[in-house]
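Notes to accompany the following structure.
Per chain, numbering begins at 1; letters A, B, ... match sequence-line order. Below, all heavy atoms of this structure are taken into account, side chains as well, without hydrogens, waters or symmetry copies. The shown structure was predicted, so the numbers you read here are calculated from the model rather than taken from an experiment.
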Amino acid sequence: MFPGQFEYHRATSIKDALDLLKQFGDDAKLLGGGHSLIPMMKLRLAQPAHLIDVTKIAELCAIGESNGKIAIGAAATHDTVANSSLVRAKLGLLAEAAAAIGDVQVRNRGTIGGSLTHADPAADYPAAALALEAEIRLDHEGGSRTVKAADFFLDLMTTAVQPGELLTQVSCAPIPSGTGYAYLKHPHPASGFAMVGAAAIVTLDRNGKFATVRVAVTGLGPKAFRANAVEAALAGKAADAATITAAAAKSADGIDALADIHASADYRAELARVYVRRAIQAAVARAKA
Amino acid sequence: MAVVPKFVGARIKRREDPRLISGTATYVDDVRLPGTLSAVVLRSPHPHARINSIDAAAARSAPGVVAVLTGEELKGKVGGIPCVAPAEHIPFHPLLAQGKVRFVGESVAVVVATDAYKAQDAADLIEVDYDPLNAVSDPEQALADDAPILHEEFGNNLVTRALIPNPAVDEAMAKADRVVKFRIKNQRLAPVPMEPRGVLAQWHQANGQLTVWTSTQIPHLLRSALAAVLSLPENRVRVIAPEVGGGFGAKLNFYREEALIAHLSRMLGQPVKWIERRRENLATTTHGRDQITYLEVPVKNDGTVLAIKAKFICDMGAYLQLLTPAIPGFSGLMMTGCYKIPAMSFEQVMVFTNKMATDAYRGAGRPEAAYIAERTMDMVAAELGLDPVAVRRRNFIPKEAFPYVTCAGLVYDSGDYDAALTKALEIVDYPKARAEQAEALKHGRYIGIGVASYVEICGIGPSVMLPPKVPGWESATVRMEPDSRVTVLTGISPHGQGQETTFAQMAADAFGVDIDDVTVVHGDTAIVQYGVGTFGSRGLSVGGTALMMSVGKLQDKLKKIASTMMEAPPDQLTFTNRTVALQSDTTKAIPLQAVVDAAYGWKMPIPGMEPGLDATSVFEPSGCTFPFGTHVAVVEVDPETGVVKFLRYVAVDDCGNIISPLLVAGQVHGGIAQGIAQALYEEVVYDENGQLVTATLMDYAAPRAQMLPHYELAHTVTPSPLNPMGVKGVGEAGTIGSTPCMVNAVMDALKPLGVRHIDMPLRPEKLWRAFKDAKKA
Ligand SMILES: Cc1cc2nc3c(=O)[nH]c(=O)nc-3n(C[C@H](O)[C@H](O)[C@H](O)COP(=O)(O)OP(=O)(O)OC[C@H]3O[C@@H](n4cnc5c(N)ncnc54)[C@H](O)[C@@H]3O)c2cc1C
């Protein structure tokens with residue numbers, strides 16, 4: 001487990017990071033918590049000549065509220081997100097997902113920007129980001145753009161981030177009061193990642209029918225996805241067990257499920273159906289509370 | 001008035017722990033010698049391939065590289081890795097592959113450079129031209145006529161065949177009301193010690209001496225083996241096992257890298273270090289278990305088991321390590337468990353496959369045996385519609401029958417199996433648990449109650465029970481220093497067990513001194529007299545007895561000297577509060593220091609007595625100890641996901657007298673963790689082509705705290721008559737009891753589905769499928 005030779009650069013500002021990215025081009029990799037990148041470097045699956053550490057850029061670590069949105073700096077660690085009083089109060093789903101990641105050591109190092117960019121098919125954050133309809137800000141030299149979570153995850157470990165871009169911020173509208181949410185995860189027995197993770201956000205109207213419902217699933221396929229068929233089957237319907245079960249049965253429709261020695265594709269698909277149902281039920285219970 | 005022990009039996013915190021938990025312990029990698037070179041081993045990506053050529057030219061000229069070696073270059077210079085257990089076919093086991101590779105991870109070349117990064121850079125430049133061959137990873141297929149042959153010289157893949165026939169078994173079959181037949185598997189496991197292996201070797205050119213620091217359980221046995229392989233005189237080889245971060249049997253071995261790194265240091269005249277990486281650890285440190293067993297059990301309708309007949313297929317892997325073919329024997333001999341089963345017979349077929357070698361892993365043959373015995377009890381109960389507890393009670397060896405000679409010829413020293421079972425059932429409140437289970441089922445909840453009553457074999461002796469170069473005796477030297485502090489040099493090599501604490505407790509009480517007055521030294525062949533090592537839960541029962549023998553010799557000498565100073569006969573003296581005192585009145589005493597001064601002084605009070613206070617003893621056990629116990633688990637299986645939830649876990653273990661309750665609890669905790677992990681999570685998986693699938697901890701499911709239940713521990717105490725402390729051993733007991741207990745619990749939960757047996761690990765998917773299939777049917 002000895003990585004190849006590389007040079008380490010500590011970026012002091014977003015501009016500094018972008019300058020370094022430009023200077024070293026394809027030879028450089030941005031470094032967040034290093035909890036996905038460094039294992040790959042140790043296995044020599046990645047051999048960047050330059051690492052640009054973005055975790056010491058103060059504004060990338062900040063969490064705040066502006067223009068009616070909660071904005072989380074890309075270098076905020078999983079632990080910071082899980083324990084931020086602002087996130088817990090207004091984006092509880094994201095805090096739950098952050099708290100479900102790995103173990104204490106991983107949460108102390110790993111960052112939200114790194115996790116989203118790495119786009120591991122079994123990562124926890126992507127499901128929450130999709131359900132929360134997060135907006136992801138990408139900065140490049142001389143400008144920035146914002147990508148919706150729905151457009152961010154392209155394929156297995158592939159995202160909308162382009163060469164020369166730095167993920168700087170994840171922002172979401174706060175979860176309104178009266179809205180229920182839940183993130184439920186079936187951990188992989190070896191890696192601890194999500195074998196399946198289901199995020200649900202629901203609001204009910206006065207008659208107890210689904211007013212809004214957003215469901216996202218991670219771990220099942222090559223990338224996390226919004227369970228559109230489930231959402232459609234629930235929209236405007238009564239939030240009863242039979243309806244939820246019937247809707248959740250569509251969780252894995254059209255998905256090419258992953259498989260390994262611990263869980264076949266069939267079983268993962270079933271887990272998705274069960275966990276989606278339970279996540280919706282938990283969210284409904286909270287919406288009613 | 002007897003002196004009450006102050007330390008023995010007390011809840012003493014481990015004296016090892018402060019350095020371990022504060023990160024100040026010295027493991028092999030923490031030993032830094034100036035001028036040390038680093039080695040990286042190039043390993044085979046193929047399970048089976050011919051090596052046509054190796055081009056190392058680019059590696060040799062890479063920056064920082066000092067040497068590159070391949071198997072061809074070692075020919076004639078060093079020997080191979082020994083297997084000391086008897087077998088029909090023992091292949092040459094080279095340090096680096098010669099001509100062929102036979103498993104994924106097999107060492108092919110080694111690069112030595114000024115640092116490990118440069119060594120790895122250079123290793124990446126080596127080009128090996130392989131001709132891949134067909135591989136075999138299934139042990140049952142390895143003996144097929146068309147199976148690829150690993151070692152051509154043998155003409156097939158048979159390691160050895162052992163047959164213990166018994167006509168009484170056939171008679172039992174004829175008499176039986178029924179014969180219960182089933183096949184079970186003890187899957188292959190990786191021991192995964194926290195500290196992987198590591199070796200640092202330093203050759204002292206001027207006097208032809210070699211020092212090797214290595215993460216081992218057997219420094220002395222390793223010294224002998226190293227000297228032989230390197231053709232060095234044994235008194236010029238020093239082996240040091242510094243802090244060793246877990247072994248679980250995997251470091252009861254002699255590995256290629258230990259010889260290779262020593263050879264390289266001698267060749268280069270500089271210290272050379274190699275530290276195993278986790279991927280290497282999973283691929284090239286010995287695995288455990290991997291036995292398939294076909295069972296036939298003749299029974300009476302009342303649950304009486306008349307015999308057990310077994311056929312084992314044992315996967316040895318590609319080469320034989322130190323004890324590889326010796327492990328299955330214990331599984332056969334111990335498979336009648338706690339039961340007075342009158343007859344048994346077995347056949348064991350051990351085979352080569354394109355996988356890493358198996359060898360000892362926590363329990364080494366006895367977990368497999370307990371699994372057989374305890375699954376048998378539950379299968380019999382299920383077949384006959386009896387309560388599994390009743391079947392156990394019907395077949396238990398009664399406590400009056402000890403010492404008990406089993407049908408395999410083993411002599412069980414002492415036991416009271418029913419007492420442990422009864423206690424465990426009381427703690428869980430068995431009738432209530434059964435009632436709750438029945439009630440839950442009405443609501444579609446699947447609760448299972450699993451019971452396992454195990455017996456195992458520890459402190460193996462006499463030596464003839466073991467292979468010649470791994471004897472069963474143990475040594476200890478006890479010194480009282482001139483300041484009356486006590487130094488214990490033990491031949492065992494603790495690596496997590498905690499004998500720096502237990503041996504200090506024992507010595508402190510024996511001499512009436514404080515525990516902090518005792519230092520326990522181990523793991524350095526230049527300091528400690530020849531010893532055997534730490535494995536098979538032998539440290540206390542065998543090593544501790546050697547200790548008490550030496551303690552006794554020193555006590556005698558001290559008493560003799562004191563008796564001349566106190567004018568009292570030696571046999572009326574005792575040691576307490578740093579004095580030598582009259583047993584009848586401990587206020588009549590002289591300071592221990594005064595006696596020690598006399599022993600070390602210029603004028604011995606007893607003419608002709610040797611000055612000094614130093615005694616060495618070797619204990620050769622006359623027989624083995626047989627710890628036992630009952631574990632009970634209550635679990636609930638989620639029919640929607642197959643996930644197992646733990647409701648209760650009760651362990652009643654009987655390890656004889658307890659010297660150190662906290663250490664016993666620690667051993668039981670760790671043991672149960674690994675045993676439950678075998679039941680539910682762990683499995684080394686090679687695909688059908690011999691590729692290692694569980695190559696990292698992202699795939700190999702080693703247990704972590706949140707994957708385990710809360711343990712409720714209790715004990716019964718049945719002393720062993722075979723050693724003065726009356727102890728038995730507890731290092732492996734938890735592992736041995738917990739695996740069948742957990743499987744029995746999960747199978748009990750699935751009983752309403754009509755499911756009898758599912759092979760380990762009981763992954764949620766397998767259980768979910770059982771529910772799904774039952775629904776379909
Ligand atoms: C033992 C272990 C267990 C784990 N368990 C889980 C789990 O249960 N659930 C889970 O979701 N994850 C888990 N992880 C992964 C963990 O969450 C990682 O921290 C995360 O995937 C990557 O974040 P990072 O900050 O460490 O990124 P890094 O490893 O530093 O980088 C990952 C990738 O993102 C790029 N990158 C980093 N920051 C930026 C940025 N600001 N802009 C653009 N690109 C960037 C890097 O160049 C690299 O390509 C686990 C990891 C380990 C080691």
message: Which atoms of H186(A) are under 4.5 Å from chain B, going by heavy atoms: the side chain, the backbone, both sets, or neither?
response: side chain
task: Check whether L271(A) gets within reach of chain B through its side chain, its backbone, both or neither, counting any heavy atom under 4.5 Å.
output: side chain
message: Quick check: under 4.5 Å, non-hydrogen atoms only, which of residues 59-67 of chain B neighbour chain A?
response: none
query: Thinking salt bridges, do E640(B) and R278(A) make one under a 4.0 Å N-O criterion?
result: yes
statement: Turns out that what part of P187(A) lies under 4.5 Å from chain B's heavy atoms comes down to neither
- request: Please flag which part of P764(B) lies under 4.5 Å from any non-hydrogen atom of chain A: side chain, backbone, both or neither.
  value: both
Residue part contacting chain B, namely of R44(A), when any heavy atom lies under 4.5 Å: side chain
statement: Shortest non-hydrogen pair, A701(B) vs H262(A), comes out as CB-CE1, 3.9 Å
field: Proximal component of D103(A), with respect to chain B [non-hydrogen, under 4.5 Å]
entry: neither
- prompt: Using non-hydrogen atoms only, which part of D687(B) is less than 4.5 Å away from chain A: side chain, backbone, both, or neither?
  reply: neither
message: I'd like to know if R763(B) and D260(A) make a salt bridge, using a cut-off of under 4.0 Å between side-chain N and carboxylate O.
response: no
message: If you apply the rule side chain to side chain contact (heavy atoms under 4.5 Å, CB included), what do you find for E270(A) with W768(B), and how did you get there?
response: CA-CA 10 Å; E270(A) 181 64 14; W768(B) 168 73; 3.3 Å; yes
query: Under 3.5 Å, is there a donor-acceptor pair between the side chain of Y267(A) and the main chain of K766(B)?
result: no
- prompt: Who in residues 274-285 of chain B is close to chain A, using a strict under-4.5 Å heavy-atom cut-off?
  reply: R277(B), R278(B), R279(B)
query: Out of curiosity, F2(A) CZ to D121(B) CG, how far, rounded to the nearest 0.5 Å?
result: 11.0 Å
query: So does Q5(A) have more than 12 non-hydrogen atoms from other groups sitting under 6.0 Å from CD?
result: no
field: CD/E127(B): more than 12 non-hydrogen atoms of other groups inside 6.0 Å
entry: no
D115(B) versus chain A, the contacting section by heavy-atom distance below 4.5 Å: neither
task: Against chain A, label T696(B) side chain, backbone, both or neither, depending on which of its atoms sit under 4.5 Å from a heavy atom there.
output: neither
- request: Please state whether the side chain, the backbone, both or neither of Y117(B) comes within less than 4.5 Å of a heavy atom of chain A.
  value: both
message: Please rank V40(B), D124(B), L680(B) by heavy-atom pairs under 4.5 Å with chain A and give me the top one.
response: D124(B)
field: Within-4.5 Å side-chain heavy-atom neighbours: M698(B) and F193(A)
entry: yes
- request: Decide whether S264(A) and R769(B) meet the rule of one side-chain donor and one side-chain acceptor closer than 3.5 Å.
  value: yes
message: Quick check for you: among D699(B), V693(B), V685(B), T694(B), which has the greatest number of heavy-atom pairs under 4.5 Å with chain A?
response: D699(B)
